[in-house]
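Beneath this line is the structure, given in C-alpha cells, with notes to follow.
Scope of the values below: all heavy atoms of this structure, side chains included, with no hydrogens, waters or symmetry mates. In the text below, chain A, chain B and the rest are named by the order of the sequence lines, each starting its count at 1.
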There are 2 protein chains.
Amino acid sequence: MPTTKRTYSRYGLEGLALLGKMIRLGRMQRRLTAQELAERIGVSRSTLQRIEKGDPKVEVGLMFEAAAIVGVKLFDADEKGITALAARTDDRIAVLPKHIYKAGKQVDDDF
Amino acid sequence: MPTTKRTYSRYGLEGLALLGKMIRLGRMQRRLTAQELAERIGVSRSTLQRIEKGDPKVEVGLMFEAAAIVGVKLFDADEKGITALAARTDDRIAVLPKHIYKAGKQVDDDF
DNA sequence: GTAGAATGACCTATATACGAGCCAAATCAT
DNA sequence: ATGATTTGGCTCGTATATAGGTCATTCTAC
C-alpha cells in the first residue's frame, strides 16, 4: 500500500510534458525509431515511451540522457556553458551562510 | 545482480549537477531549510540531498517539483509560456510522418 | 563560549520503476 | 492492396529508489 501518495504541481508536470515532446520531436528529426533511441540511451522501449510522455516517475538521468542524445539543450547551453553556469552558481552559494535557520518571518528577498 | 549497469553522458550529468546547484541556491535565497523544502516537495530529507547533488537516479518529477517550488526555471518560461511551447512542439511533430523508419543513410537534416 | 539547529554521510526495509515480453492498431514501403 | 515495421498499451517479476532513521560535524544565534 502506498504509504504516501505523491502529488505534482501543474507547472512541474507541464514542464515535464514539454521536455518529453521536445525529445520526441528531436528523435523524429533525426529519424530514429523508438527502439533505436532506447538502445542508445540504454533503456527499454517501454521506458522511452514514458520519457516521451513526460512521466514524472522516470529517472531524471534517463530523461537528461535522452535530451542530450537528440540535441535538446538544457538551459539552452552547450557543455561549456553548463560548466560556466555551474561555477557561477557555486560562487553565489559560497556567499550565503552555510546553514539556513528557520525564519519566523519568511524573508524571501528575491536576490 | 545488476543486469545492465547504467551509464550517463558527461553532458547529462553536468546538466543535472547544475540543476541541483540551482535548486540549492534557490532554497537558500528563500531561507528554507532542507527539512522544510523536503516537506514542501513531499519527500524525505535524504532524497532532497540527492536532488541537490544532481543524482541521476531520482525521479524526474521530484527534481522538477523542487525546481518549481524554489523558482528555478528550466525553459525560462512561466506556465503560459510552457503551454504555448508545448503547443508549438505538438504542431511541429504533427507535420512529420507518424512512424519513423530505419534509414539506410542517417539523414539527420537539422531542420 | 556554548547550546541547539542544520547539514552530511551513512544504513536498512519496503514500495516501486524498469526490463522483457506480448498483442493489437496504425502507417509506411512497395 | 498487403506485408513489414513502428508504435501504444498492457502485465509481471525483480532490481532498486525512497523513507526514515542514526551519528558526527559544522555552523549560527545568543
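The separation between B/K5 atom NZ and C/dC18 atom P is 18 Å, rounded to whole Å. Rounded to whole angstrom, the span from the CD atom of B/Q35 across to the C1' atom of C/dT7 amounts to 11 Å. A/I51 places its CD1 atom 9 Å from the P atom of C/dG19, with the value rounded to the nearest Å. Distance B/R31 CZ to C/dT7 P: 12 Å, rounded to the nearest Å. The separation between B/L32 atom CG and C/dT7 atom P is 10 Å, rounded to whole Å. Distance CD (A/Q49) to C1' (C/dA24): 13 Å, rounded to an integer number of Å. One atom, CD of B/E52, and another, C1' of C/dG8, lie 12 Å apart when rounded to the nearest Å. Spacing between atom CZ of B/R6 and atom P of D/dA17 amounts to 9 Å, rounded to whole angstrom units.
Panel note: side chain A/R45, backbone A/Q35; no donor-acceptor pair is recorded below 3.5 Å. Of the possible donor and acceptor atoms, one in the side chain of A/R27 sits under 3.5 Å from a partner among the backbone N and O of A/L32. Without hydrogens or angle criteria, A/T89 side chain to A/L85 main chain gives a donor-acceptor distance under 3.5 Å. No side-chain donor-acceptor contact under 3.5 Å links A/Q29 to the backbone of A/G26.
Place B/I100 and A/L96 on DNA chain D by their nearest nucleotides, and B/I100 ends up nearer the 5' end. Of the residues near DNA chain D, B/S44 and B/K98, the one whose nearest nucleotide (by heavy atom distance) lies more toward the 5' end is B/K98. Both B/Y101 and A/S46 lie close to DNA chain C; mapped to their nearest nucleotides by heavy-atom distance, the more 5′-ward contact belongs to A/S46.
At the phosphate of D/dC10, neither OP1 nor OP2 sits under 4.0 Å from any side-chain N or O atom of A/R50. Considering only side-chain N and O atoms, B/R27 lies under 4.0 angstrom from the phosphate OP1 or OP2 of C/dT7. Look at B/R24 and you'll find a side-chain N or O under 4.0 angstrom from OP1 or OP2 of C/dG8.
The list of side-chain hydrogen bond (donor to acceptor under 3.5 Å, both in side chains) pairs with a residue in residues 14-26 of chain B, not counting sequence neighbours, reads A/T83-B/E14, A/D90-B/K21, B/R10-B/E14, B/R24-B/E52.
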Go through B/R6 and A/E59 one step at a time and tell me if the salt bridge (Lys or Arg N to Asp or Glu O under 4.0 Å) criterion holds. CA-CA 11 Å; B/R6 221 178 274 292; A/E59 289 184 15; 3.8 Å; yes
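Contacts between residues 53-69 of chain B and DNA chain C, counted as heavy-atom distances below 4.0 Å, involve B/K53, B/E59.
Judged by atom type and distance alone, A/R45 does not reach the base of C/dG21 through any side-chain donor-acceptor pair under 3.5 Å.
Out of D/dT7, C/dA6, C/dC28, the shortest distance to the side chain of B/P97 is found at C/dC28. If you check D/dT28, D/dT7, C/dG8 against the side chain of A/H99, the one that comes closest is D/dT28.
B/V70 and B/L48 fall within the same hydrophobic cluster, defined by Ile, Leu, Val, Met, Phe, Trp and Tyr side-chain heavy atoms under 4.5 Å apart, directly or through other members.
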